[in-house]
Undergrad: 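Pasting in a structure now, in structure tokens, and then I'll have a few things to ask.
Order of the sequence lines fixes the chain letters, A, B, ..., with proteins taken first and strands second; residue numbering starts at 1 for each chain.
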Number of protein chains: 2
Amino acid sequence: MQQPTEKEIIDEFIQICQGHLLKITPQRVAIYKELLISDKHPTADAIYQAVKKEYPNISFDTVNRTLLKFAEIGLLEVVEIFGGAKRFDTDVRNHHHLHCMRCGKIQDFMHGGYDNLAVPEDIHNYFQVKRKRVVLKGICKACSK
Amino acid sequence: MQQPTEKEIIDEFIQICQGHLLKITPQRVAIYKELLISDKHPTADAIYQAVKKEYPNISFDTVNRTLLKFAEIGLLEVVEIFGGAKRFDTDVRNHHHLHCMRCGKIQDFMHGGYDNLAVPEDIHNYFQVKRKRVVLKGICKACSK
DNA sequence: CTTTTTGCAAAGCGTTTGCATTGAA
DNA sequence: TTCAATGCAAACGCTTTGCAAAAAG
């Protein structure tokens, strides 16, 4: 299949919103567009700073609420952190994390072998698994010097 | 080997502190004792509230700084969270996490099969892996109603 | 016209910092 | 006697809330 055009991507976004009874506002579209080109794990403030360049009147509040709303409907995910500002993950594909225990930075990595881990039987009795992730904790290159 | 006595546990704690040039204070001992009997993933405030019963004059500050210090020397670990107050993990054995995406609660589970995951070769080139953890994200029993 | 969303300001919560005092070594 | 640790208070950063005005459906 072809790479979808931006229009197609935005159309799909609009459909998803409508499916969840969310109104389409220029702010939400701008935030969504920014997410498409942003860093892997942006904070709400990073998105706010970026969107503000085009919409100088947008408030941090709207950005933050929108991101939380997007997380609710599964457009993105809140990422595990060690503390500090929340980070959002715009990549809903299967991927895994390297957590630096010193600086707190999170790097993604792909590894097919981790994607198909079997979930222990008994867990299904008390937990509904939506996503699997392997987190490798340690020291990143920059911090190991 | 026998279950170690409390005295032995505290003696070991004192040795670890001395090894890191930390002074032994009654507050630190009290905090450490509390950690031994506390919940799996206490917040600094939870530890503070508990220790305060015995040491009414202790400040939140001391508790918080002590926990961060303990994390620095490897006595405990800061746990991945989705946001909110930091949580500390007093169990340094290998174990894995269930993260509820709705309420944010973290449950531990053990699974031998996950403990021995092979780390992809190339990761060693840019990351020093200290610990491996599988995180299953989803909805916990309480939230799925 | 109705209901959601926005922007703003204030409040809230958790963490961090500076500093004088205390206490361990 | 020295230097680290404590307690306190203020500052700080991030998140959340309430509410009136604006905008979407």
Side-chain angles (χ1 to χ4, degrees), chain A residues 10-11 13-32 34 41-49 51-52 54-73 75-76 78-88 103-104, chain B residues 10-11 13-32 34 41-52 54-73 75-76 78-88 102-104:
Chain A
I10 299 301
D11 282 350
F13 165 67
I14 289 175
Q15 287 199 2
I16 293 171
C17 283
Q18 287 171 341
H20 288 90
L21 304 175
L22 297 188
K23 297 187 174 175
I24 314 300
T25 66
Q27 290 94 331
R28 281 181 177 160
V29 175
I31 290 165
Y32 187 74
E34 181 54 40
H41 307 293
T43 59
D45 190 63
I47 298 295
Y48 169 57
Q49 297 300 338
V51 172
K52 202 166 55 168
E54 243 193 288
Y55 280 79
N57 289 326
I58 201 170
S59 72
F60 169 79
D61 231 57
T62 298
V63 174
N64 195 43
R65 266 185 297 213
T66 299
L67 292 172
L68 293 174
K69 189 64 87 175
F70 284 178
E72 254 177 53
I73 67 175
L75 271 177
L76 46 77
V78 179
V79 154
E80 320 87 81
I81 46 170
F82 290 132
K86 239 175 216 150
R87 288 179 177 273
F88 298 90
C103 67
Chain B
I10 298 302
D11 281 351
F13 164 68
I14 289 174
Q15 287 199 2
I16 293 171
C17 283
Q18 288 170 341
H20 292 273
L21 304 175
L22 297 188
K23 297 187 174 174
I24 315 301
T25 64
Q27 290 94 330
R28 282 182 175 159
V29 175
I31 291 166
Y32 187 74
E34 182 55 38
H41 308 292
T43 59
D45 190 63
I47 299 294
Y48 169 57
Q49 297 300 338
V51 172
K52 203 166 57 167
E54 242 192 289
Y55 280 78
N57 289 327
I58 201 169
S59 73
F60 169 79
D61 229 58
T62 298
V63 174
N64 195 43
R65 267 187 295 217
T66 300
L67 292 173
L68 293 174
K69 188 63 89 176
F70 284 178
E72 254 176 54
I73 67 175
L75 270 176
L76 46 77
V78 179
V79 154
E80 320 87 82
I81 47 172
F82 290 131
K86 240 176 216 150
R87 289 179 178 274
F88 298 90
R102 203 160 288 162
C103 67

Undergrad: Taking only residues two or more places apart in sequence, or in another chain, which ones meet Y55(B) in a ring-ring contact (aromatic ring centres under 6.0 Å, His included)?
TA: none

Undergrad: Under the side-chain hydrogen bond (donor to acceptor under 3.5 Å, both in side chains) test, which residues partner T62(B), sequence neighbours left out?
TA: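 Partners of T62(B) by the side-chain hydrogen bond (donor to acceptor under 3.5 Å, both in side chains) criterion, ordered by chain and then number, come out as S59(B).
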
Undergrad: For Q49(B), check side chain to side chain contact (heavy atoms under 4.5 Å, CB included) against everything at least two apart and list the hits.
TA: D45(B), K52(B)

Undergrad: State, with a plain yes or no, whether a side-chain heavy atom of L22(A) is found less than 4.5 Å away from one of K69(A).
TA: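 Yes; the side chains approach each other to less than 4.5 Å.
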
Undergrad: Below 4.5 Å, heavy atoms only, C-beta onward: do T66(A) and I47(A) meet side chain to side chain?
TA: no

Undergrad: Once you round it to whole Å, what is the distance between P of dA5(D) and OH of Y32(B)?
TA: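 It works out to 18 Å between those atoms.
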
Undergrad: What pairs with F82(B) under ring-ring contact (aromatic ring centres under 6.0 Å, His included), at least two apart in sequence or on another chain?
TA: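 Once residues adjacent in sequence are excluded, the partners of F82(B) under the ring-ring contact (aromatic ring centres under 6.0 Å, His included) criterion are H99(B).
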
Undergrad: Quick one: are L68(B) and K86(B) in side-chain contact, heavy atoms under 4.5 Å?
TA: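 In contact.
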
Undergrad: Listing request: all salt bridge (Lys or Arg N to Asp or Glu O under 4.0 Å) pairs with a residue in residues 56-65 of chain A, at least two apart in sequence or in separate chains.
TA: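 Passing the test, one end in residues 56-65 of chain A: D61(A)-R65(A).
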
Undergrad: So if I define the base as every atom that isn't primed, P, OP1 or OP2, how would nucleotides 20-25 of chain D read as a B/S/- string at a heavy-atom cutoff under 4.0 Å?
TA: ----BS

Undergrad: When the axes are fitted on five pairs at both termini, how much does the helix from dC1(C)-dG25(D) to dA25(C)-dT1(D) curve, in 10° steps?
TA: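 The helix from dC1(C)-dG25(D) to dA25(C)-dT1(D) shows an end-to-end axis angle of 40°.
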
Undergrad: Indicate yes or no for a side-chain donor-acceptor contact from R28(A) to the backbone of K23(A) under 3.5 Å, with no hydrogens or angles considered.
TA: yes

Undergrad: Excluding sequence neighbours, so at least two apart, what forms side chain to side chain contact (heavy atoms under 4.5 Å, CB included) with I10(B)?
TA: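 Testing I10(B) for side chain to side chain contact (heavy atoms under 4.5 Å, CB included), a comparison that skips the adjacent residues, returns E6(B), I14(B), V29(B), Y32(B), K33(B).
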
Undergrad: Give me the residues of residues 55-69 of chain A where at least one heavy atom lies under 4.0 Å from an atom of DNA chain D, by number, or none.
TA: F60(A), D61(A), N64(A), R65(A), L68(A)

Undergrad: So where does chain B start and stop touching DNA chain C, 5' to 3', when the test is distance under 4.0 Å to a non-hydrogen atom?
TA: dG14(C) to dA25(C)

Undergrad: Find the distance K52(B):NZ to dG7(D):P and express it as a whole number of Å.
TA: 12 Å

Undergrad: If you look at every heavy atom in T43(B) and A85(B), which pair is closest and at what distance?
TA: CG2-CB, 4.1 Å

Undergrad: Expressed in angstrom and rounded to an integer, what is the separation of K86(B) atom NZ from dG13(D) atom P?
TA: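 Going from NZ in K86(B) over to P in dG13(D) covers 15 Å.
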
Undergrad: Taking R87(B) for the side chain and V79(B) for the main chain, is one N or O donor matched with an acceptor at less than 3.5 Å?
TA: no

Undergrad: Residues in side chain to side chain contact (heavy atoms under 4.5 Å, CB included) with A44(B), at least two apart?
TA: F60(B), N64(B), L67(B), F88(B)

